[in-house]
Amino acid sequence: MPIDATLPYDDSNIFARILRGELPAKTVHEDDYALAFHDINPQAPVHILVIPKGRYVSWDDFTTKARDAEVAGFIRAVGQVARAAGLVEPGYRLLANIGGHGHQEVPHLHVHIFGGRQFREMVPPPRD
Ligand code: 5GP
C-alpha cells in the first residue's frame with residue numbers, strides 16, 4: 001500500500017529499524033549522511049537503496065527541512081554508490097517514489113539505483 005507522504009515521520013518504519021541496526025541489511029556504503037544497501041526484492045541485476053540518515057519521510061520532506069550539508073552529503077552518496085557498483089559507463093537509473101501517486105511504500109526517503117541491464121520504457125502504462 002502506498003503511504004501518505006505528508007504524515008509525520010514514523011520511527012517504527014522498516015528503514016528506521018535498519019538504520020538503528022534492529023533489522024539486517026546487505027550494506028554497501030555508510031557515511032555521516034547516508035546508508036546504502038541491496039533491495040530485498042531486486043527489480044534489476046543491481047538494485048540498491050540509498051537512504052539519508054536523518055528522519056525524512058519523502059523527497060519533499062527532505063528538501064524542505066534538511067540542512068544543505070545533509071542534502072549534499074546524501075546526493076553525493078548516491079553518485080558514489082553507483083560509481084562503486086561500476087554503473088557509470090554502462091549507465092543506470094535513479095528513482096524516488098513519493099507519496100500515493102508515486103507508489104511510495106516505505107515512509108523514509110529512499111533513492112533506488114537500478115543497473116546491470118538495458119532499461120527502455122521510462123514509466124509503465126496505466127493499469128485498470
Ligand atoms: P518504494 O515503493 O517505497 O519506493 O520502495 C520500497 C522498496 O523497499 C521496495 O523495492 C522493497 O523491495 C524494499 N524493501 C522493503 N522492505 C525491505 C527490507 O526489509 N529490506 C530491504 N533491503 N529492502 C526492503
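Source: prediction; values computed, not measured. Read the numbers this way: they start at 1 and go in the same order the structure lists the ligands and their atoms.
Between Phe37 and Phe15, the ring center distance clears the sub-6.0 Å criterion. Ring to ring, Phe74 and Phe62 are close: their centroids are under 6.0 angstrom apart.
Atom 22 (N) of ligand 1 has His38 O, 2.9 Å as its closest protein atom, hydrogens excluded (heavy atom only). Of all protein heavy atoms, the one closest to atom 2 (O) of ligand 1 is His103 O, 3.2 Å. Regarding atom 9 (C) of ligand 1, its nearest protein heavy-atom neighbour is Asp39 OD2, 3.3 Å.
Contact annotation: Ile14 has at least one heavy atom less than 4.0 Å from an atom of ligand 1.
The aromatic rings of His108 and Tyr9 sit perpendicular, their planes meeting at an angle over 60°, well past the 30° parallel limit. Between His112 and His110, the angle of the ring planes goes over 60°, which puts this pair in the perpendicular group of the 30/60° scheme.
Looking at His110, Gln104, Glu105, it is His110 that brings a heavy atom closest to atom 4 (O) of ligand 1.
For the residue pair Glu105 and Met1, the shortest heavy atom distance occurs at OE2-N, 3.3 Å. Scanning both residues, Ala77 and Ala34, for their nearest heavy atoms gives CB-CB, 3.5 Å.
The side chain of His112, and not its backbone, has at least one atom closer than 4.0 Å to an atom of ligand 1 (non-hydrogen atoms only; side chain from C-beta on). When heavy-atom distances to ligand 1 are checked against a 4.0 Å cut-off, Ile40 comes that close through both its backbone and its side chain.
In terms of N/O distances under 3.5 Å, ligand 1 is not approached by His47. Considering backbone and side-chain atoms alike, Val106 places an N or O below 3.5 Å from some N or O of ligand 1. The N/O atoms of Leu49, backbone and side chain alike, include none that comes under 3.5 Å of an N/O atom in ligand 1.
The Asn41 neighbourhood of ligand 1 comprises atoms 12 (O), with distances under 4.0 Å to a heavy atom of that residue.
One side chain, Asp4 or Thr6, offers a donor N or O that lies under 3.5 Å from an acceptor on the other.
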